[in-house]
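Order of the sequence lines sets the chain letters (A, B, ...), proteins ahead of strands, with each chain counted from 1.
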Amino acid sequence: MAAITDEQVETVRALVASIPTGAVATYGDIADAAGLSSARIVGWIMRTDSSDLPWHRVITASGKPAPHLATRQLELLRSEGVLAADGRIVLREYRHSF
DNA sequence: CCCCTGACAGGCG
DNA sequence: ACGCCTGCCAGGG
């Protein structure tokens, strides 16, 4: 295992931190930009590594955060100017390109 | 070492 | 549009 290096984790955190206010990115985008083969790894990093990262700017490809965080996410994003339509973020509008 | 779980994604019915 | 299944990688029991 350990197919993932600390550098990869650093990259992921850097990418998440680089997401400007008012923008969002999907797990898949980050995984791809970080050179990871699976978007799930990104989720794993976010879950384990509770850093000062703006994790709320990371959403799923469906535009809907995980159920347990959805409420919090939407609220935080809302305060940043990212509005959700029917509990779903409009990726086409806020998706950040790396 | 096997099995389950998990901040996911894409395909299929 | 929604739910289920499969592929993916890593960690914990």
Side-chain angles (χ1 to χ4, degrees):
Chain A
M1 55 180 211
I4 179 174
T5 63
D6 293 337
E7 188 176 292
Q8 298 288 36
V9 178
E10 288 294 313
T11 303
V12 172
R13 299 207 296 181
L15 288 168
V16 175
S18 70
I19 302 173
T21 303
V24 298
T26 68
Y27 290 90
D29 287 343
I30 296 172
D32 184 67
L36 295 175
S37 34
S38 177
R40 207 166 237 187
I41 303 303
V42 179
W44 163 69
I45 295 173
M46 300 304 278
R47 188 198 72 186
T48 58
D49 199 335
S50 304
S51 306
D52 304 317
L53 298 173
W55 53 275
H56 52 276
R57 292 181 190 153
V58 183
I59 60 179
T60 68
S62 305
K64 289 171 58 75
H68 45 283
L69 299 174
T71 308
R72 192 157 167 84
Q73 286 302 61
L74 265 36
E75 191 176 331
L76 287 168
L77 290 172
R78 184 186 61 186
S79 64
E80 294 189 337
V82 180
L83 303 181
D86 213 36
R88 141 173 48 76
I89 303 296
V90 185
L91 286 172
R92 184 167 75 179
E93 184 67 42
Y94 306 103
R95 196 175 195 179
H96 177 62
S97 302
F98 292 109

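Applying side chain to side chain contact (heavy atoms under 4.5 Å, CB included) to A/Pro54 and the options A/Leu77, A/Thr21, A/Val16, A/Leu76 leaves one that passes, A/Val16. Tested against A/Trp44 for a side chain to side chain contact (heavy atoms under 4.5 Å, CB included), the candidates A/Asp49, A/Ile4, A/Leu36 yield a single pass: A/Ile4.
Side-chain proximity of A/Ala61 to B/dG6, C/dA10, B/dG10: nearest is B/dG10. Closest contact between the side chain of A/Ser38 and the listed nucleotides B/dA9, C/dC8, B/dG6 involves C/dC8.
Atoms CD1 (A/Ile41) and P (B/dT5) sit 18 Å apart, rounded to a whole Å. Going from atom CG of A/Leu91 over to atom C1' of B/dA9 covers 13 Å, rounded to whole Å. For the pair A/Tyr27 OH and C/dG7 C1', the computed distance is 19 Å after rounding to whole Å. The distance from atom CG of A/Leu36 to atom P of B/dA9 is 13 Å, rounded to the nearest whole Å. What separates CG of A/Asp49 from P of C/dA10 is a distance of 16 Å, to the nearest Å. As a whole-Å value, the separation of A/Ile30 CD1 from B/dA9 C1' is 14 Å. Following rounding to the nearest Å, A/Asp32 (CG) and C/dC8 (C1') show an atom-to-atom distance of 14 Å.
Two residues, A/Thr48 and A/Arg88, neighbour DNA chain C, and the one matched to the more 5' nucleotide by heavy-atom proximity is A/Arg88. Taking for each of A/Ala39 and A/Trp44 the nucleotide of DNA chain B with the nearest heavy atom, the 5'-most of the two is the partner of A/Trp44.
Between A/Ser37 and C/dC8 there is no side-chain polar atom (N or O) within less than 4.0 angstrom of OP1 or OP2.
A/Val24 places none of its side-chain heavy atoms less than 4.5 Å from the side chain of A/His96.
Judged as a salt bridge (Lys or Arg N to Asp or Glu O under 4.0 Å), not a single pair has a partner in residues 63-76 of chain A (not counting sequence neighbours).
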